[in-house]
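To start, the structure itself, in structure tokens.
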Amino acid sequence: MTQVKKATLLIKNIGQLITMEGPAPRIGKEMSELGMIENGGIAVAGDEILFVGDSDKVQGKSELAEGCTVIDAKGMVVTPGLIDPHTHPVFSKTREKEFEMRILGKSYMEIANAGGGIRSSVRDLRETEYSVLKEKTKTRLDRFLAYGVTTIEAKSGYGLSTESELKQLEIIKEMNETHPLDLIPTFLGAHETPDEYREEKEKYIDILINEMIPKVVEANLAEFSDIFTEAGVFNVDESRRIQTAAKNAGLKLKFHADELNSVGGGELAAELGAISADHLVYISDQGIKDMAKAKTVAVLLPGTTFSLAGKQYAPARKMIEEGVVVALSTDCNPGSSYSESLPFIISLAALQMKLTAAEALSAVTVNAAAAVDRIGKIGQLCPGMKADITIWNINNYQEIPYHYGVNLVSKVVKNGKLVKQNYIETKN
Ligand code: IZC
Ligand code: ZN
């Protein structure tokens, strides 16, 4: 006999319940579909969604477990827990001096070539103790959660030696096991060439392919392999070699592509069947076509253009028109975008890339799930899916991009449990 699942959590009186039920991922006009239920309710059993529908039906749908938590949403907006599909949260020293240098006219690449940038984070991380790094990472994860994010993809890439890359990936693993947030690990050993191999890049590529990737796979510490494909970092041919080795070793692929220059990163990501290509500010028309065809998700990171004081944002509307799956992310990192606020990224996407609130919400839920290969598991509120839920202290979902720079999140439910409660009053 099958066991009837008892409800352990009910959420009632939801003004706008944004389920995101429907096409997954969403392309073109589908990005405007919210699967909205007015005056909705949700029943949860353990870490799984049991029922989604009218508020007054939710109670009668299942037997209640003893001690069942009941949340009265009082007309608030509820969405799936947000998914941030591109973050670099494991670092020690921050780089606010570089931020100021950029304001005063230096470019990201000028700072990097002078020894700053990623390499300065690498020198610092190598000297930082595991426990210190872990505490700093944890603080950032707490902030993600406070802003309604329940899953992040998290990259290494500030170690650039076998030992230090493994140290970062171990922290990501430990945080995934101990922090409410889910972390999806990505190996980014090809983030930059470290100081000691500046004159011998081939040697570093050899270490990446023949030592680091095998060790990471053997220790089962990453699901994805990523690379910074960029002028002056790894060119398209080097990227193809490194990522082909990663793919053959069993890792799924992501790319930092066409962020600062049009180098054919989007095309390469599509060619290798990558799950996502990210940034894409300077993607070519061919790259857009190739990505649409290969169903490689475009993860757009407008916080980076914003924080680099750039003028050009990724051509999001063109990608949506061409049928590319578009997702959004913070790119949270100490250099080019230091923010854990995915809602602020929604505001930037609206203002600078002309995404509507509904399109941007699709981009941080169901389409972000596609960017981390989790369709059908997270990013939608449907029976059987994970009970990751964000409750917003607003009346209308369109307030999310509009009321920017403050935290509109009231409560966060992760794996069916209330894990975060914010107290700032934001309704009207
Ligand atoms: O630390 O500057 N672009 N990677 C690629 C970054 C920016 C992160 C950093
Ligand atoms: Zn990045």
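Counting starts at 1 for both ligands and their atoms, following the listed order.
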| field | Sub-4.0 Å heavy-atom contact, F91 with ligand 1 | value | no
| field | Polar atom proximity, S121 to ligand 1 (N or O, under 3.5 Å) | value | no
| note | ligand 1 atoms nearer than 4.0 angstrom to some heavy atom of F228 are 3 (N), 5 (C)
| query | Has ligand 1 got any nitrogen or oxygen that is less than 3.5 angstrom from a nitrogen or oxygen of R95? | reply | yes
| message | Please list, in number order, the atoms of ligand 1 under 4.0 Å from a heavy atom of I118. | response | 1 (O), 2 (O), 4 (N), 9 (C)
| note | Which of F344, F99, Y404 passes ring pair (Phe, Tyr, Trp, His ring centres under 6.0 Å) with F306? It is F344
| remark: Interatomic distance, NZ@K203 vs OH@Y197, rounded to 0.5 Å, equals 7.0 Å
| said: So if I count the atoms of ligand 1 from 1 in the order they appear, which ones are less than 4.0 Å from some heavy atom of E259? | reply: 3 (N), 5 (C)
| field | atom 2 (O) of ligand 1: nearest protein contact (heavy atom, Å) | value | Y108 OH, 2.5 Å
| message | Distance to the ring centre below 6.0 angstrom and angle to the axis at most 45 degrees; does that hold for K420 and Y147? | response | no
| message | Among the N/O/S atoms of D331, which is closest to the Zn ion (ligand 2)? Give the atom name. | response | OD1
| task | Could you tell me whether some N/O pair between D331 and ligand 1 is separated by less than 3.5 angstrom? | result | no
| Which of the numbered atoms in ligand 1 are below 4.0 angstrom from a heavy atom of H191? | 4 (N), 5 (C), 6 (C), 8 (C)
| message | Under a 3.5 Å cutoff, is there a donor and acceptor pairing between the side chains of D331 and S329? | response | no
| said: Can you tell whether the side chains of E100 and R95 come within less than 4.0 Å, N to carboxylate O? | reply: no
| query | Taking the N/O/S atoms of H256 one by one, which is nearest to the Zn ion (ligand 2)? | reply | NE2
| message | Are any of the N/O atoms on Y158, whether in the backbone or the side chain, positioned under 3.5 angstrom from an N/O atom of ligand 1? | response | yes
| Short N/O distance, under 3.5 Å, between H279 and ligand 1? | no
| query | Does K318 come within less than 4.0 Å of D285, counting only side-chain N to carboxylate O? | reply | yes
| query | When the ring planes of Y338 and F91 are compared, do they come out parallel, tilted or perpendicular, using 30° and 60° as the limits? | reply | perpendicular
| Touching ligand 1 at all, E192? Heavy atoms, strictly under 4.0 Å? | no
| request: Anything under 30° is parallel, anything over 60° is perpendicular, the rest tilted; go ahead and classify H191 against F228. | output: tilted
| message | For E223 and K252: C-alpha separation, side-chain torsions, deciding distance, then whether salt bridge (charged side-chain N to carboxylate O under 4.0 Å, His left out) applies. | response | CA-CA 6 Å; E223 182 172 333; K252 293 178 264 191; 2.9 Å; yes
